[in-house]
Amino acid sequence: MIPIGDNQRSRTTPFVTWGIILLNVAVFLYMLSLTTTLTGTRREIVNGLRDQTVGVCYGFETDPTEANRFVCEWAFQPKEWFDSLSGESEPTEGALRVLVTIVTSMFLHGGWLHIGGNMLFLWVFGDNVEDRLGHLKYLAFYLVSGIVAALVQGFINPDSIVPVLGASGAVAGVLGAYIVYFPRATVRVIIPFFILIFIPIPLPAFIMIGLWFLQNLFAGYATIADAADPGGGVAWFAHIGGFILGMVVAFLYSGRRTRTQAAPRWHG
């Protein structure tokens with residue numbers, strides 16, 4: 001199911017949500033500008049792979065290109081991060097660069113579908129959560145959701161050197177808050193049939209988001225036995241951790257007095 005809008009009206013302009021989306025798009029476009037081809041002689045490529053693997057990629061083997069090096073520098077690698085935090089490893093470029101990856105990683109994406117899906121969910125659901133929390137608290141909430149999501153994924157497999165990147169964990173926090181604040185809102189979703197046919201269906205938010213969470217929960221536990229890469233390439237537990245944090249924050253934060261639901265107005 002792909003959400004394309006909801007009927008929950010916002011009383012304020014979602015500047016923070018728009019800013020986060022623009023920043024993610026800008027970083028993604030920059031990543032697209034980096035080279036993905038190997039250059040140099042065979043010896044130079046082999047030496048580059050060795051130096052990159054034992055250096056910035058912390059044991060993770062990938063082609064020594066500008067794009068891959070950028071991901072290794074700014075994505076979250078659980079083992080590298082925990083080793084730097086505990087002082088067991090002193091990266092050649094300094095521990096601070098490694099520690100901030102728990103934040104920078106949530107602004108990196110691995111492809112058009114990756115960033116498109118995350119930003120669409122944020123566009124549909126983020127404005128109402130920002131309206132409820134206020135701009136600054138929403139920004140702090142978004143960043144903390146992403147950090148906690150990364151930590152949950154890291155705790156599942158702290159020895160993993162596979163880079164974790166994407167806004168999914170932070171966006172999951174937004175979904176968790178949304179389902180608490182606006183469970184009776186209506187979300188308009190499309191379900192693709194035979195690739196080219198899309199049928200729009202209105203669903204209550206608690207059903208649409210609830211099904212999304214159950215999918216992630218089942219997928220996460222179905223793949224937890226894979227010790228090498230729990231999740232099979234998808235950070236399922238980052239989604240789960242971010243979502244649960246979002247719900248907890250929404251329950252604990254009283255914020256403004258609950259207001260009556262506004263007249264429906266589709267957006268997104």
Side-chain angles (χ1 to χ4, degrees), residues 20-85 88-119 143 146-147 149-171 223 226-239 242:
I20 292 171
I21 292 174
L22 288 175
L23 180 56
N24 275 275
V25 171
V27 173
F28 182 69
L29 292 178
Y30 173 75
M31 292 177 68
L32 291 180
S33 72
L34 300 175
T35 62
T36 57
T37 56
L38 297 171
T39 58
T41 65
R42 182 178 181 85
R43 175 180 289 274
E44 289 173 339
I45 292 174
V46 171
N47 290 337
L49 174 61
R50 183 191 63 240
D51 294 341
Q52 178 179 270
T53 302
V54 301
V56 68
C57 284
Y58 207 73
F60 181 71
E61 291 189 1
T62 185
D63 291 340
T65 65
E66 285 185 352
N68 289 336
R69 181 178 179 84
F70 183 79
V71 170
C72 283
E73 283 182 327
W74 301 111
F76 172 69
Q77 291 178 265
K79 180 171 175 56
E80 179 188 39
W81 197 87
F82 289 125
D83 285 353
S84 296
L85 183 66
E88 293 183 17
S89 173
E90 180 62 32
T92 57
E93 298 182 17
L96 180 60
R97 193 274 304 168
V98 174
L99 295 178
V100 299
T101 60
I102 202 167
V103 175
T104 58
S105 62
M106 69 179 79
F107 296 97
L108 309 181
H109 290 85
W112 288 101
L113 288 178
H114 193 197
I115 188 173
N118 282 337
M119 295 304 101
L143 294 175
I147 291 171
L151 288 175
V152 171
Q153 184 67 32
F155 285 136
I156 292 298
N157 187 9
D159 292 325
S160 174
I161 57 174
V162 178
V164 178
L165 66 160
S168 304
V171 174
T223 57
D226 185 355
D229 181 19
V234 179
W236 300 112
F237 287 94
H239 303 173

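Starting from 1, each residue takes its place in the sequence as its number.
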CG (Leu34) and OG1 (Thr65) are apart, to the nearest 0.5 Å, by 8.0 Å
Any Phe82 side-chain heavy atom under 4.5 Å of Phe155 side chain | yes
Would you mind writing out the side-chain donor-acceptor pairs for residues 101-113 within the sub-3.5 Å range, not counting sequence neighbours?
unit_1	atom_1	unit_2	atom_2	d
Thr101	OG1	Val98	O	2.4
Thr104	OG1	Trp74	O	2.7
Thr104	OG1	Val100	O	3.4
Ser105	OG	Thr101	O	2.9
His109	NE2	Asn118	ND2	3.2
His109	NE2	Ala167	N	3.3

Donor-acceptor contacts under 3.5 Å from residues 40-49 side chains, at least two apart:
unit_1	atom_1	unit_2	atom_2	d
Thr41	OG1	Glu44	N	3.2
Glu44	OE1	Thr41	N	2.9
Asn47	OD1	Arg50	NH1	2.9
Asn47	ND2	Arg43	O	3.3

Gap between atom CD1 of Ile156 and atom CZ of Phe237 - 0.5 Å precision = 4.5 Å
Is the side chain of Ser160 donor-acceptor paired with the backbone N or O of Val162 at a distance under 3.5 Å, no angle test?
-> yes
Heavy-atom pair of closest approach, residues His239 and Gly169 | CD2-N, 4.4 Å
Apply the test side-chain contact (heavy atoms from CB on, under 4.5 Å) to residues Ser33 and Glu66: give CA-CA distance (whole Å), side-chain angles for both, the deciding distance (0.1 Å), then the verdict.
-> CA-CA 9 Å; Ser33 72; Glu66 285 185 352; over 6 Å; no
What's the shortest heavy-atom distance between Leu38 and Pro64, and which atoms?
-> CD2-CD, 3.6 Å
Is Gln77 reaching over with its side chain to a backbone N or O of Pro163, donor-acceptor style, under 3.5 angstrom?
-> no
Nearest heavy-atom pair of Glu80 and Val56: which atoms, and what distance?
-> OE2-O, 3.9 Å
Among all residues two or more places apart in sequence or in another chain, which pass the side chain to side chain contact (heavy atoms under 4.5 Å, CB included) test with Val25?
-> Ile21, Leu29, Ile115
Nearest atoms (heavy-atom pairs only) where His114 meets Ser168 | NE2-OG, 4.0 Å
Pairing residues for Ala26 by the side chain to side chain contact (heavy atoms under 4.5 Å, CB included) criterion, not counting sequence neighbours | none
Partners passing side chain to side chain contact (heavy atoms under 4.5 Å, CB included) against Thr62 (at least two apart in sequence or in another chain) | Gln52, Cys57, Phe60, Asn68, Cys72
Could you tell me the separation between the CZ atom of Phe76 and the CG atom of Leu165, rounded to the nearest 0.5 Å?
-> 12.0 Å
Pairing residues for Asp159 by the side chain to side chain contact (heavy atoms under 4.5 Å, CB included) criterion, not counting sequence neighbours | Lys79, Asn157
